[in-house]
Engineer: 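Have a look at this one before I ask anything.
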Amino acid sequence: MNNYLDVLNEFKSVIGNKYVLTHKWQKQPFINGWRYGNGEAIAVLKPGNLLELWKLIEICVSNDFIIIMQAANTGLTGGSTPYGNDYDRPVIIINTLRINDIHLINNANQIIALSGSTLYDLETKLKPFNRDPHSVIGSTSIGASIVGGVCNNSGGSLVQRGPAYTELALYARVDENGKLELVNELGINLGDNPKTILKNLQNKNYNDRDIIYNNKLASDDKYSKIVRGIDEDTPARYNSDKRLLYGASGSSGKLVVFALRLDTYPKPKNNKVFYLGTNKPDIFWKLRREILSKFKNLPTLGDYLHRDCYDAAKKYSKDNFIVIEKLGTNFLPTLFELKRNIDIIAGKIKFLPDKFSDRLMQFLSLLFPNHLPKRMEQFRDRFEHHWIIEMSDEGINEARKYFKQFFNERDGDFFECSKKEGQKASLHRFVSASAIGRYHSLNINKVGEMMSLDVAFPRNEKYWFEQLPKEIDDQIEKKFYYGHLFCHVQHQNYILKKGVNAENLKNQLLESYIKRGAEFPAEHNVGHEYKANDTLMNFYKTLDPTNTFNPGIGMSSKLKNWK
């Protein structure tokens with residue numbers, strides 16, 4: 001560390017001692033991924049405004065440091081932390097959460113999101129205008145950042161909107177000659193040099209006349225048509241779709257994004273959640289095709305949950321469910337931070353077990369009564385496959401009539417949720433994502449590795465529910481399935497039997513998906529868990545020719561200039 005004292009002092013002169021983190025325990029929440037990946041960094045920097053961020057990048061580039069950009073660090077594939085310690089240059093993490101301003105423009109029909117702003121804050125800010133952000137539910141709840149969602153082409157549960165996307169952004173890149181440059185594609189006249197541009201944006205020193213309205217998109221304008229293409233042999237959405245790779249969108253940390261401009265959406269006047277169940281996957285296949293091809297009104301969302309995953313979430317995600325329900329989604333990032341700190345402290349005390357926070361929270365959750373509605377529990381006993389479909393406004397009556405007729409003649413049933421039941425159903429599906437990790441943590445001595453795969457199947461796929469060959473199935477202890485049925489994105493989670501080679505099994509599974517015409521990942525981004533295909537790799541190299549930002553992403557080279 002002594003070799004870097006002068007540089008660290010430079011950082012401190014920009015943002016102050018408090019926001020330059022160099023001690024091991026200070027860095028832990030930033031160098032460890034939310035679920036996957038970790039590695040060392042000589043410092044974590046936390047700038048408080050856009051100009052500070054620019055100055056920090058200038059210092060890093062002049063010293064030939066690797067820069068890993070990070071906001072909420074809620075990614076599932078390790079894409080916003082170091083991965084291992086085999087980089088060829090010193091690593092710096094820059095966390096942007098202090099730069100959290102959101103500007104509303106054009107009567108709140110669009111927003112300007114600065115680099116560390118979160119979806120939760122955006123949802124709150126739009127409420128008085130009866131408008132919604134581009135992504136809700138899961139990402140909103142965990143405090144995910146707006147910029148992170150766009151950079152990772154995140155998808156989510158919403159049927160009418162596509163992955164988070166914009167062609168309007170303000171970002172920095174390093175060109176092929178190693179020169180740092182600021183690129184203003186935000187569509188706002190802010191000045192002609194970095195210092196002026198960044199200060200004017202930070203201080204909202206612009207007016208309506210400075211805002212440019214042109215043909216550049218601030219959202220995906222084709223997705224609702226694409227998702228209706230039920231006979232197409234390609235997926236509806238996936239991370240390497242070249243249609244949605246543009247500038248900051250899909251950049252995976254290969255740029256430093258200062259701000260994004262995004263569309264917002266009118267909030268529906270009424271919403272209604274329908275809870276569906278069946279024991280035959282073919283029933284949901286038919287229902288999906290008819291809704292997408294015949295309904296005038298697309299559903300708002302449609303989330304699938306298998307019975308085994310329902311049970312796991314009921315037992316192992318009960319604490320998360322109760323925290324969100326009782327304390328609100330804004331407390332969840334605080335909870336995650338608390339958990340991390342408990343585990344850091346517990347790691348210093350020899351007699352406490354690994355994953356102590358998980359064990360403690362699991363024990364406390366047992367003290368609370370059953371948190372799920374009676375009708376959901378009855379469907380759990382009756383049906384293996386569960387589907388939560390939300391309709392809005394005119395679509396409510398359309399769905400109500402259709403479901404009555406459909407299930408009058410076929411296996412399965414449905415019920416209309418009360419407002420409270422609908423909230424609980426959606427929340428139960430959301431927290432199911434954390435159940436797999438908790439199950440694995442508490443049973444780590446009895447089972448093998450955990451594997452979570454994020455797969456986009458073709459829109460015409462009939463056999464959407466996985467049936468594994470015996471030679472693969474015999475290697476798996478537990479399977480947990482959930483996903484977004486309308487777009488055929490499935491989250492396939494496996495707990496392997498002890499002694500099973502996870503890498504070999506993963507390759508077998510991915511090969512089986514390729515044969516079925518699937519793409520992966522669908523919405524979690526490649527991170528360090530998936531190999532980026534040629535489309536993504538060429539995009540990354542164009543954005544970052546010197547491999548300064550987030551090297552190693554998509555299992556690529558970590559070396560300077562991609563050597």
Engineer: Report the C-alpha separation of Arg375 and Glu421 in whole Å, then their side-chain angles, then the decisive distance to 0.1 Å, and conclude whether the salt bridge (charged side-chain N to carboxylate O under 4.0 Å, His left out) test is met.
Structural biologist: CA-CA 9 Å; Arg375 289 200 288 179; Glu421 285 174 327; 2.6 Å; yes
Engineer: When rounded to the nearest 0.5 angstrom, what distance separates OH in Tyr223 from CG in Leu244?
Structural biologist: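 If we round to the nearest 0.5 Å, Tyr223:OH and Leu244:CG are 10.5 Å apart.
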Engineer: So Thr118 and Ile146, side-chain contact (heavy atoms from CB on, under 4.5 Å) or not? Walk me through it.
Structural biologist: CA-CA 5 Å; Thr118 67; Ile146 299 168; 5.8 Å; no
Engineer: Is a side-chain donor or acceptor of Thr77 paired with a backbone partner of Asn525 at a separation under 3.5 angstrom?
Structural biologist: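 Yes; at least one donor-acceptor contact below 3.5 Å.
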Engineer: Side chains of Ile324 and Val431: closer than 4.5 Å at any heavy-atom pair?
Structural biologist: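 Heavy-atom side-chain distance check passes, below 4.5 Å.
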Engineer: Going by atom types alone, do Glu232 and Asn460 pair a side-chain donor with an acceptor below 3.5 Å?
Structural biologist: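 Glu232 vs Asn460: no donor-acceptor pair found between side chains.
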Engineer: Say you draw a straight line from OG of Ser441 to CD of Gln362; how long is it, rounded to the nearest 0.5 Å?
Structural biologist: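 The CD atom of Gln362 is 10.0 Å from OG of Ser441, to the nearest 0.5 Å.
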Engineer: For the side chain of Arg307 and the backbone of Arg380, is there at least one donor-acceptor N/O pair under 3.5 Å apart?
Structural biologist: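 Here the side-chain-to-backbone pair exists.
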Engineer: Treating Asn279 as the side-chain partner and Arg382 as the backbone partner, does any N or O pair qualify as donor plus acceptor under 3.5 Å?
Structural biologist: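 Between the backbone of Arg382 and the side chain of Asn279 there is a qualifying donor-acceptor contact (under 3.5 Å).
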Engineer: Does the salt bridge (charged side-chain N to carboxylate O under 4.0 Å, His left out) test come out yes or no for Arg237 and Glu519, once each step is laid out?
Structural biologist: CA-CA 9 Å; Arg237 59 180 172 91; Glu519 296 277 357; over 6 Å; no
Engineer: Are Tyr310 and His428, when compared by the centres of their aromatic rings, separated by less than 6.0 Å?
Structural biologist: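 Yes, ring centres under 6.0 Å apart.
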Engineer: Of all the heavy-atom pairs spanning Val159 and Phe486, show the shortest one and how long it is.
Structural biologist: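 Nearest heavy atoms, Val159 then Phe486: CG2-CD1, 3.7 Å.
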Engineer: State, yes or no, whether a side-chain contact exists between Asp319 and Arg438 at a heavy-atom distance under 4.5 Å.
Structural biologist: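 Asp319 vs Arg438: side chains touch.
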Engineer: Ring centroids only, cut at 6.0 angstrom: are His385 and Phe465 within range, meaning strictly under it?
Structural biologist: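 Yes, they do, as the ring centres are separated by less than 6.0 Å.
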Engineer: Go through the steps to decide whether Tyr238 and Asn153 satisfy the test side-chain contact (heavy atoms from CB on, under 4.5 Å), and finish with yes or no.
Structural biologist: CA-CA 8 Å; Tyr238 52 97; Asn153 281 142; over 6 Å; no
Engineer: With a 3.5 Å cut-off and no angle check, do the side chains of His371 and Glu325 form a donor-acceptor pair?
Structural biologist: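 Distance-only check fails for His371 and Glu325.
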Engineer: Okay, side chain of Lys272, backbone of Ser418: is any donor-acceptor separation there less than 3.5 Å?
Structural biologist: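 Side chain of Lys272 to backbone of Ser418: no pair is present.
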Engineer: Please check: side-chain N/O of Ser219 versus main-chain N/O of Asp221, any donor-acceptor pairing under 3.5 Å?
Structural biologist: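 Pair absent, no side-chain N/O of Ser219 close to backbone of Asp221.
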Engineer: Determine whether a donor-acceptor pair (N or O, by modelled atom type, separation under 3.5 Å) exists between the side chain of Asn547 and the backbone of Asn561.
Structural biologist: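 No; judged by distance alone, with no hydrogens or angles, the pair does not exist.
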Engineer: Assess whether salt bridge (charged side-chain N to carboxylate O under 4.0 Å, His left out) is satisfied between Asp86 and Lys558, documenting all intermediate values.
Structural biologist: CA-CA 8 Å; Asp86 56 342; Lys558 292 181 177 178; 2.5 Å; yes
Engineer: Regarding Asp88 and Lys563, does a basic nitrogen lie under 4.0 Å from an acidic carboxylate oxygen?
Structural biologist: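 A salt bridge is absent here (no side-chain N lies under 4.0 Å from a carboxylate O).
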Engineer: For Val447 and Lys498, which heavy atoms make the closest approach, and how far apart are they?
Structural biologist: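 For Val447 and Lys498, the tightest heavy-atom pair comes out as O-NZ, 3.7 Å.
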Engineer: Quick check: does any side chain N or O of Asp413 sit under 3.5 Å from a backbone N or O of Leu276, one acting as donor and the other as acceptor?
Structural biologist: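 No; judged by distance alone, with no hydrogens or angles, the pair does not exist.
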Engineer: Just checking, is any N or O donor in the side chain of Gln492 or Tyr481 under 3.5 Å from an acceptor N or O on the other one?
Structural biologist: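 Side chains of Gln492 and Tyr481: no pair found under 3.5 Å.
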Engineer: Ile389 versus Ile291: any side-chain heavy-atom pair under 4.5 Å?
Structural biologist: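 Sidechains of Ile291 and Ile389: in contact.
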Engineer: Looking at every heavy atom in both Ser145 and Ala72, which two are closest together, and how far apart are they?
Structural biologist: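 Where Ser145 meets Ala72 most closely, the heavy atoms are N-CB, 4.2 Å.
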Engineer: With a 4.5 Å limit on heavy-atom distance, are the side chains of Glu167 and Tyr165 in contact?
Structural biologist: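 Sidechains of Tyr165 and Glu167: in contact.
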Engineer: Can you see whether Glu511 engages Asn507 through a side-chain donor-acceptor pair at a distance of less than 3.5 angstrom?
Structural biologist: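 Result is no, nothing qualifies.
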Engineer: Is there a side-chain contact (heavy atoms from CB on, under 4.5 Å) between Phe480 and Leu305? Walk through the geometry before answering.
Structural biologist: CA-CA 9 Å; Phe480 301 111; Leu305 195 64; over 6 Å; no
Engineer: Run the ring-centre check on Phe457 versus His488 and record whether the distance is less than 6.0 Å.
Structural biologist: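 Phe457 vs His488: aromatic centres not under 6.0 Å.
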Engineer: For residues His386 and Tyr275, establish whether the separation of their ring centroids is below 6.0 Å.
Structural biologist: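 Yes, the ring centres sit under 6.0 Å apart.
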Engineer: Do His491 and Glu523 have side-chain N/O donor and acceptor atoms under 3.5 Å apart?
Structural biologist: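 Side chains of His491 and Glu523: pair found under 3.5 Å.
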Engineer: Would you please test Ser434 and Ser317 for side chain to side chain donor-acceptor pair (under 3.5 Å) and show each step?
Structural biologist: CA-CA 6 Å; Ser434 63; Ser317 296; 3.0 Å; yes
Engineer: Can you tell if the side chain of Tyr304 reaches within under 4.5 Å of the side chain of Gln490, non-hydrogen atoms only?
Structural biologist: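 In short, these two side chains touch, coming nearer than 4.5 Å.
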Engineer: Checking ring pair (Phe, Tyr, Trp, His ring centres under 6.0 Å) against Phe414, which of Trp387, Phe406, Tyr402, Phe403 comes through?
Structural biologist: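 When Trp387, Phe406, Tyr402, Phe403 are each tested with Phe414, the ring pair (Phe, Tyr, Trp, His ring centres under 6.0 Å) holds only for Phe403.
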Engineer: Looking at Glu461 and Tyr463, would you say the former's side chain and the latter's main chain have a donor-acceptor pair under 3.5 Å?
Structural biologist: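 The answer is yes, because a donor-acceptor pair under 3.5 Å joins these two groups.
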Engineer: In terms of side-chain heavy atoms, does Thr234 have a donor or acceptor partner in Arg459 at a distance below 3.5 Å?
Structural biologist: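 A donor-acceptor contact under 3.5 Å links the two side chains.
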Engineer: With a distance cut-off below 6.0 Å to the six-membered ring centre and an angular limit of 45° from the axis, does Lys254 pair with Phe549 as a cation-pi contact?
Structural biologist: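 Not flagged: Lys254 not positioned over aromatic ring of Phe549.
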Engineer: Measure up the Phe520 and Tyr530 rings against each other and bin them: parallel (under 30°), tilted (30 to 60°), perpendicular (over 60°).
Structural biologist: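 Phe520 vs Tyr530 ring planes: tilted.
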Engineer: Identify whether the distance between the nearest side-chain nitrogen and carboxylate oxygen of Lys314 and Glu377 falls below 4.0 Å.
Structural biologist: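 Between Glu377 and Lys314 there is a salt bridge, with a charged N closer than 4.0 Å to a carboxylate O.
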Engineer: Determine, step by step, whether Asn38 and Ile31 satisfy the side-chain contact (heavy atoms from CB on, under 4.5 Å) criterion, reporting the C-alpha distance in whole Å, the side-chain angles of both residues, the deciding distance to 0.1 Å, and the verdict.
Structural biologist: CA-CA 5 Å; Asn38 63 79; Ile31 63 175; 5.7 Å; no
Engineer: Check the orientation of Trp464 and Phe284. Use parallel for under 30°, tilted for 30 to 60°, and perpendicular for over 60°.
Structural biologist: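 If you compare the ring of Trp464 with that of Phe284, the planes turn out parallel.
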Engineer: Do Asp303 and His484 have a side chain donor and acceptor closer than 3.5 Å?
Structural biologist: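 Present: a donor and an acceptor within the cut-off.
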Engineer: Please walk me through it: do Tyr439 and Glu477 pass side chain to side chain donor-acceptor pair (under 3.5 Å)?
Structural biologist: CA-CA 12 Å; Tyr439 175 92; Glu477 183 75 27; 5.2 Å; no
Engineer: Dump the intermediate steps for salt bridge (charged side-chain N to carboxylate O under 4.0 Å, His left out) on Asp220 and Arg243, then the final yes or no.
Structural biologist: CA-CA 10 Å; Asp220 180 3; Arg243 184 179 71 87; 2.8 Å; yes
Engineer: Go through the side-chain N and O atoms of Ser80 and Asn73 and say whether any donor and acceptor fall under 3.5 Å apart.
Structural biologist: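 Present: a donor and an acceptor within the cut-off.
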Engineer: Would a 4.5 Å heavy-atom cut-off, applied to side chains only, mark Asn370 and Lys318 as touching?
Structural biologist: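 A side-chain contact is absent here, since even the closest heavy-atom pair is not under 4.5 Å.
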Engineer: In Å, rounded to the nearest 0.5 Å, how long is the span from CE of Met537 to OG of Ser557?
Structural biologist: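 Reported to 0.5 Å precision, the distance equals 9.0 Å.
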Engineer: Classify the side-chain pair Tyr540/Ser252 by whether it contains a donor and acceptor separated by less than 3.5 Å.
Structural biologist: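 Yes, Ser252 and Tyr540 have a side-chain donor paired with an acceptor closer than 3.5 Å.
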Engineer: Checking Lys27 side chain against Ala41 main chain: does a donor-acceptor pair fall under 3.5 Å?
Structural biologist: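 A pair under 3.5 Å: yes.
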Engineer: Would you find a donor on one side and an acceptor on the other, under 3.5 Å apart, between the side chain of Lys560 and the backbone of Ile66?
Structural biologist: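 Looks like no, no N/O pair under 3.5 Å.
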Engineer: Is there a donor in the side chain of Thr535 and an acceptor in the side chain of Ser240, or the other way round, less than 3.5 Å apart?
Structural biologist: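 On atom types as modelled, these side chains do not qualify, holding no pair under 3.5 Å.
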Engineer: Has Lys315 got more than 12 heavy atoms of other residues, nucleotides or ligands less than 6.0 Å from its NZ?
Structural biologist: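 No.
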Engineer: Got a second to check how far Gln508's CD is from Ile472's CD1, nearest 0.5 Å?
Structural biologist: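 Gln508 atom CD to Ile472 atom CD1 measures 4.5 Å (nearest 0.5 Å).
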